[in-house]
Amino acid sequence: LGASTALAGLLLVFVGFVYAHGESFKTRTGDKFKIVAKLGMVPFLISLASVWAGLEWLTGDQWAYSWCVWLFRATVVITAAYGALTLLFYL
């Protein structure tokens, strides 16, 4: 639960950095950065869904445990791919 929340917060800061970098361009290059920053919201929202499933599991719903684990794993993989591709191609 805590790791997913921390990952969401770090990802939101990174997405803000990429978006701000795109704002510095007044050409079509800036538009590509903005699109990449908006795509960063996908792993952010998955991470928040993992937090929600973790909270549901803490209240006693056993089905939420497996959802929480799989959502966190998906968040880690998607965040790693997003970060690597953004650093390699856009920064």
*Considering only Ile, Leu, Val, Met, Phe, Trp and Tyr, and joining two whenever side-chain heavy atoms are under 4.5 Å apart, list the other residues clustered with F72.*
L7, V76
*Could you pull out all residues at least two apart from Y65 that satisfy ring pair (Phe, Tyr, Trp, His ring centres under 6.0 Å)?*
W57
*Does L85 belong to the same Ile/Leu/Val/Met/Phe/Trp/Tyr cluster as M41, with side-chain heavy atoms less than 4.5 Å apart forming each link?*
yes
_I need the full list of side-chain hydrogen bond (donor to acceptor under 3.5 Å, both in side chains) pairs touching residues 32-44, with sequence neighbours left out, sorted by first then second residue._
E23-K34
*Any side-chain heavy atom of T79 within less than 4.5 Å of one from F44?*
no
*Using the side-chain contact (heavy atoms from CB on, under 4.5 Å) rule, pick out the option among I78, V77, L11 that qualifies with I46.*
I78
*asked:* To the closest 0.5 Å, what do you measure between CH2 (W63) and CD (E56)?
replied: 6.0 Å
*Kindly say whether F14 contributes a backbone atom to a donor-acceptor pair with the side chain of Y19 at under 3.5 angstrom?*
no
*Between CG on residue L39 and OG1 on residue T86, distance to nearest 0.5 Å*: 8.5 Å
*Linked, directly or transitively: Y82 and L88 (ILVMFWY side chains, under 4.5 Å)*: yes
*Are the ring centres of F25 and F33 closer than 6.0 Å?*
yes
*Are T75 and S47 close enough that a side-chain donor and a side-chain acceptor fall under 3.5 Å?*
no
*Can you get from L10 to V15 by hopping between Ile, Leu, Val, Met, Phe, Trp and Tyr side chains that sit under 4.5 Å apart?*
no
*Partner of S50 under side-chain contact (heavy atoms from CB on, under 4.5 Å), chosen from L55, L45, L71*: L71
*Rounded to the nearest 0.5 Å, how far apart are CG of L58 and SG of C68?*
8.0 Å
